[in-house]
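To start, the structure itself, in structure tokens.
In what follows, every chain begins at residue 1, and chains take the letters A, B, ... in the order their sequences are listed. All of these numbers come straight from a predicted model, not from anything done at the bench. Only this structure's heavy atoms are used, side chains among them; waters, hydrogens and symmetry mates stay out.
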2 protein chains.
Amino acid sequence: MQRIRNMGLRLTPQRIAILEYLDGNVNHPSAEEIYNAVAKKYPTISFATVYNTLETLKRKKGILELTIDPRRRRYDPNTEPHHHIICVQCRKVADVHADFDLRLPESNVEGFKVLSKQVEFYGICPECDNQN
Amino acid sequence: MQRIRNMGLRLTPQRIAILEYLDGNVNHPSAEEIYNAVAKKYPTISFATVYNTLETLKRKKGILELTIDPRRRRYDPNTEPHHHIICVQCRKVADVHADFDLRLPESNVEGFKVLSKQVEFYGICPECDNQN
DNA sequence: TTATTAAGTTAGAATTAATCAAAATTAATA
DNA sequence: TATTAATTTTGATTAATTCTAACTTAATAA
């Protein structure tokens with residue numbers, strides 16, 4: 001938790017609550033889910049604070065912002081390189097641990113400076129599959 | 001263009017205009033960009049029609065809906081398997097043609113039925129890089 | 001300790017993307 | 001040419017995110 005201080009950020013109860021909720025959380029929650037969870041213990045927290053904190057943590061490389069759900073952003077406290085699969089029905093996101101070789105072929109780079117890369121799988125999760 | 005009929009869809013001027021705009025378009029436009037482009041020739045078109053048509057085409061596998069820009073959905077008339085890179089500054093999306101081996105390791109599948117997969121690169125495009 | 005202040009939080013309004021509902025229109029066909 | 005189911009339209013609605021400006025507070029230095 002001291003980690004926040006080391007990022008040059010002030011240690012506020014809101015940030016602690018958000019970090020505690022995210023820590024070890026493998027559900028790739030949305031801002032709303034984070035808000036709901038934190039609001040239970042800290043009813044005065046606002047969406048602005050949640051978004052502010054998530055943006056700050058993202059900039060400090062403390063979390064990942066996932067662009068895998070077309071409806072809303074998802075957040076991932078696991079900043080180690082890994083990939084994801086999303087259920088197109090219930091939108092559950094699961095981790096995919098695999099070491100893909102994702103080097104761009106020279107001819108392909110188009111002059112882009114690559115900052116990050118990841119593989120997204122879209123599919124149907126077992127639970128949703130059962131219902132069909 | 002007869003392609004639309006073959007999908008079991010009615011051939012309307014709006015759909016023709018949307019398809020014409022998308023055909024060969026390599027810019028991965030958003031719904032708004034499509035609307036703006038089509039509205040020039042067809043000023044009465046509505047956003048609902050654009051979204052309806054895009055949704056229909058997506059279901060018929062005539063286009064891809066890209067979840068690579070956290071702000072808005074992007075559409076790609078190229079349904080051949082390929083990947084993308086987005087500039088995190090100007091949000092330009094470019095194609096990445098490479099044949100990655102993206103098979104999930106058995107241990108990893110978690111019971112998901114995989115429908116599609118793709119690699120997303122995030123980076124800075126040459127134009128934006130020049131400005132810094 | 002306490003005062004200072006820059007950083008952070010808050011409520012609520014605003015913006016933006018996307019969806020929806022219902023009435024009006026029209027492409028396809030018989 | 002009439003019929004009708006598919007499509008389009010308008011405008012309202014919802015949902016996610018951002019913004020603003022006033023208020024509060026964690027960190028620090030006196």
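Here the P atom of nucleotide D:dA16 and the CD1 atom of A:I68 are 17 Å apart, to the nearest Å. Straight-line distance from the CZ atom of B:R73 to the P atom of D:dT17: 12 Å, rounded to whole Å. In this structure, the NZ atom of A:K58 is 12 Å from the C1' atom of D:dT17, given to the nearest Å.
Protein chain A touches strand DNA chain C; the 5'-most and 3'-most nucleotides with an atom under 4.0 angstrom of its non-hydrogen atoms are C:dA6 to C:dA11.
Distance check: A:L19 CG to A:I63 CD1 gives 8.5 Å after rounding to the nearest 0.5 Å.
Without hydrogens or angle criteria, A:E33 side chain to A:S30 main chain gives a donor-acceptor distance under 3.5 Å. Distance alone, capped at 3.5 Å, is enough to place a donor-acceptor pair between the A:N25 side chain and the A:N27 backbone.
The 12-atom threshold is not exceeded at CG of A:D99, counting heavy atoms of other residues, nucleotides or ligands nearer than 6.0 Å.
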Item to check | Footprint string (nucleotides 3-14 of chain D, 5' to 3'): B base within contact, S backbone only, - free, heavy atoms under 4.0 Å | outcome: --BBSBBB----
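Partner of B:H28 under the side-chain contact (heavy atoms from CB on, under 4.5 Å) criterion, out of B:D95, B:D69, B:I68: B:D95 alone.
Between A:K92 and A:E127, at least one side-chain nitrogen of the basic residue sits less than 4.0 Å from a carboxylate oxygen of the acidic one, meeting the salt-bridge criterion.
At least one side-chain heavy atom of A:K60 sits less than 4.5 Å from a side-chain heavy atom of A:L9.
No path of Ile, Leu, Val, Met, Phe, Trp and Tyr side chains, each step under 4.5 Å between heavy atoms, connects A:V26 with A:I34, placing them in separate hydrophobic clusters.
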